[in-house]
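Okay, so here's the structure we're looking at.
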Amino acid sequence: MEIYIPLDILSDMYAIKTGYLGIDLDNPLTASFDEDTEAEFSSSLELMERQNKFLRQATEAAYCSLNDMDKENRFGAELYIRRLVDDVDFSLSIDSNSVGLGYSIALALEWRKQLGKNDDIAFNIIATGAVNDIGKVTSIEDLSTKIEASLKLMSEPFIFFYPKDDVTPEILEQISQAKESLKGNKGIECEYIGIKYLYEALGHKHLLDDAYDGKPIERSLEFKGYSSFEPEDATRFFGRNNLKRKLKERYEHSNNLIVAYGPSGVGKSSLVKAGLFFDLKRDNREKNLQIKTSELKSENCIPTLLSELFEFIGGEVVGDKVANESNIIKCLESSSEDVKYLWYIDQFEQIFTQIDVDVLQAKEFVEFLNSLVEKHSAMLKIIVTVRTEYKKYFSDELLFEVTDVEQDDLEEILTKQAKSLGLEFQKDSQADLKREIKNELKGLDFPLPALQFLLLKLQKNSKGKVLLYEEYQKLGGVKGAFATEVEKILDNGFGASDLFFELFVGCDNEQNLYARKVKVALAIKTAKGMKDIIEELIKEKMVVYTTDSKTEVRLIHDSLIKVNSDYRWGLFEAWYKEHIEYLDWFNGIEKKFNNWLEEKTLAANDK
């Protein structure tokens, strides 16, 4: 794959090759060119300075295309340019700002390589367009000439990115004719894509597609709601400093599996992903540290986790074969100790509620994970998070308690998160919203998810950049926001709430409630309108997909289905009191059915 920049003289095009050069973004940028081009640059100081400006803007745009966690790294930025056609005059003029988009794509892809993200891109790239320092692609001159250059010079499949602002009927007609000519005369597949932002090019299906993990600069940042903070959210993950320090110390000195436990809603996942991961990357002491996050699947969860670990540490799963414990041990023993692995399994307590796993199997799996860390602690660390009621399945030396948020942390979270999003709380003669929220938070247990959800809804419902007290009242404050919003969706007149709870609420052998994973196809068959309800709850970030294929969903947080808690959801509590015996019965039937099915399968295999 190469990246090309078409210039203003017909049939003149340049190829960019990215390289590595240590650079400080606070200092002026310089560019490296081949000998012929360098002579042209040195003849005009003004030209050189102007191109430095374009190159710097492109560099800042590429930097903006990264996620927040990746931005903590230092990168190289060096461009080598070679001319494809030697028999034309040099055509990079003082106003040649159209090189910016090509520069920024080249740098963004090069920096991904430096981060160890080796992307396999089959298509060549042609890029023309001015780009500003936040990645917005703006209009240029002579787009028609550049399209004609691509038609004349290209001999392999390519994608041509250009400013969407420059689209005219004439340009669209020229593109149509160019594509027809290239395919008919040369057999070349190509696409011409108009874009407004750099991230649109990087996320294109023929470039990074779903592998693009940056943050579109134009996307409005939001409060997290009930979603946990991801590693890329680390720069706006405030508070919890004492707890972050303790977890990092435990990580650095422990030779065991680390089981971070706490009640639902205390912030276990966010502490690990946006706290520990970020600190480890920022310190950069472990340059070869690789991090992987896994979640339990509904079926075959232990074999699936074993295969994920095996591939993570460099093993190769052939065909339909499943990795086993022996494969993993051999792979670790033969691995280079220069590489270090950190494996994190979120919501690990679900292993004790799986219908195809009994408690003894789950405990044996935990012992195996701990034995791996004990024997290979210099190379492998494993962290799992579980709810407090499941800590009894782990020995004391493995446990790390995630305690509730402190009042000082809540003050920092309220103030700094709003500021990081460019928002402020209403404070005038009629209301002091921030003080009102702080007063409500006093005495509440595990308020973080509910607080984040309230702030998310305030941000969406309020006008402009001021979070309004009136909207806070309508939502029912921290305690009532979720119930207020979800009941709007469930209240559609055909008993949807009962059906919804029966699908989405699970109960284990000890009557602990948890958010069940539900097959979407099954759910939408239960009642007319259930599909619309699920889609609306997903849109409002109350229900999430649990698989990449979007075939399975669950309530976003277990804390939503607590009873006798500070966060009263009257509709759910009323249903729970009526159905507690049903939940217990259904859990037993489900377990028995799957045990019978497993025994039947084993018997058939023995024959």
Side-chain angles (χ1 to χ4, degrees), residues 225-228 264-265 269 294-302 304-305 345-357 387 390 449 453 482-483 485-492 494-509 511-563 569 571-576 578-595 597:
Y226 277 101
S227 303
S228 62
S264 179
S269 300
S294 294
E295 294 182 1
L296 273 73
K297 309 299 182 185
S298 294
E299 301 169 353
N300 300 317
C301 65
I302 291 179
T304 300
L305 287 174
I345 310 175
D346 197 10
Q347 297 179 326
F348 190 72
E349 70 273 359
Q350 292 179 24
I351 199 170
F352 299 101
T353 65
Q354 297 293 313
I355 57 179
D356 59 346
V357 178
R387 283 162 39 190
Y390 294 90
F453 184 80
F482 179 80
E485 293 299 290
V486 74
E487 288 180 17
K488 288 180 187 177
I489 298 170
L490 293 179
D491 184 19
N492 56 14
F494 64 84
S497 60
D498 282 3
L499 289 169
F500 180 82
F501 294 142
E502 287 176 18
L503 285 168
F504 282 82
V505 178
C507 182
D508 67 16
N509 293 331
Q511 294 190 339
N512 296 310
L513 299 179
Y514 64 91
R516 294 182 66 208
K517 295 177 180 178
V518 180
K519 301 290 185 184
V520 175
L522 171 65
I524 63 179
K525 289 179 180 179
T526 58
K528 181 182 178 182
M530 186 59 73
K531 180 175 182 289
D532 293 337
I533 288 174
I534 291 173
E535 288 177 350
E536 187 65 21
L537 290 170
I538 290 171
K539 177 183 174 182
E540 296 299 322
K541 300 186 178 181
M542 300 176 192
V543 163
V544 292
Y545 289 110
T546 62
T547 60
D548 293 337
S549 58
K550 297 185 178 182
T551 57
E552 195 175 69
V553 292
R554 72 186 292 272
L555 278 167
I556 194 167
H557 214 284
D558 290 323
S559 65
L560 300 175
I561 48 176
K562 287 182 177 180
V563 292
W569 185 3
L571 189 65
F572 169 69
E573 292 201 9
W575 176 86
Y576 172 75
E578 291 181 12
H579 291 78
I580 185 170
E581 292 182 1
Y582 160 78
L583 282 168
D584 193 36
W585 169 81
F586 182 80
N587 177 65
I589 290 294
E590 192 174 38
K591 282 277 188 183
K592 289 176 182 178
F593 171 76
N594 284 283
N595 288 338
L597 192 63

Report task. Ignoring hydrogens and angles, tell me if any N or O in the side chain of E349 forms a donor-acceptor pair with the backbone of Y390 under 3.5 Å. Result ->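 Flag not set: sc E349 to bb Y390 has no pair under 3.5 Å.
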Starting at [atom1] of [X], measure out to [atom2] of [Y] and round the result to the nearest 0.5 Å.
X: Q347; Y: R387; atom1: CD; atom2: CZ; result: 9.0 Å
X: I489; Y: M542; atom1: CD1; atom2: CE; result: 4.5 Å
X: K517; Y: L555; atom1: NZ; atom2: CG; result: 13.0 Å
X: T304; Y: L296; atom1: OG1; atom2: CG; result: 9.0 Å
X: C301; Y: I351; atom1: SG; atom2: CD1; result: 4.5 Å
X: I534; Y: I524; atom1: CD1; atom2: CD1; result: 7.5 Å

Query raised in the report: F504: what forms a ring-ring contact (aromatic ring centres under 6.0 Å, His included) with it, not counting sequence neighbours?
Result: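 ring-ring contact (aromatic ring centres under 6.0 Å, His included) list for F504, sorted by chain: F500.
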For [X] and [Y], which heavy atoms make the closest approach, and how far apart are they?
X: P449; Y: G265; result: CD-O, 3.0 Å
X: R516; Y: R554; result: O-CB, 3.4 Å
X: V520; Y: E552; result: CG2-N, 3.8 Å

Requested in this report: Report yes if the side chains of V543 and I538 come closer than 4.5 Å at any heavy-atom pair, otherwise no.
Outcome: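 With C-beta onward as the side chain, the pair touches.
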Query raised in the report: Is any side-chain heavy atom of K488 closer than 4.5 Å to a side-chain heavy atom of E540?
Result: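 K488 vs E540: side chains apart.
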Requested in this report: Sequence neighbours left out, what passes salt bridge (Lys or Arg N to Asp or Glu O under 4.0 Å) with K531? Give chain and number order.
Outcome: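 With neighbours one apart ignored, the set is E535.
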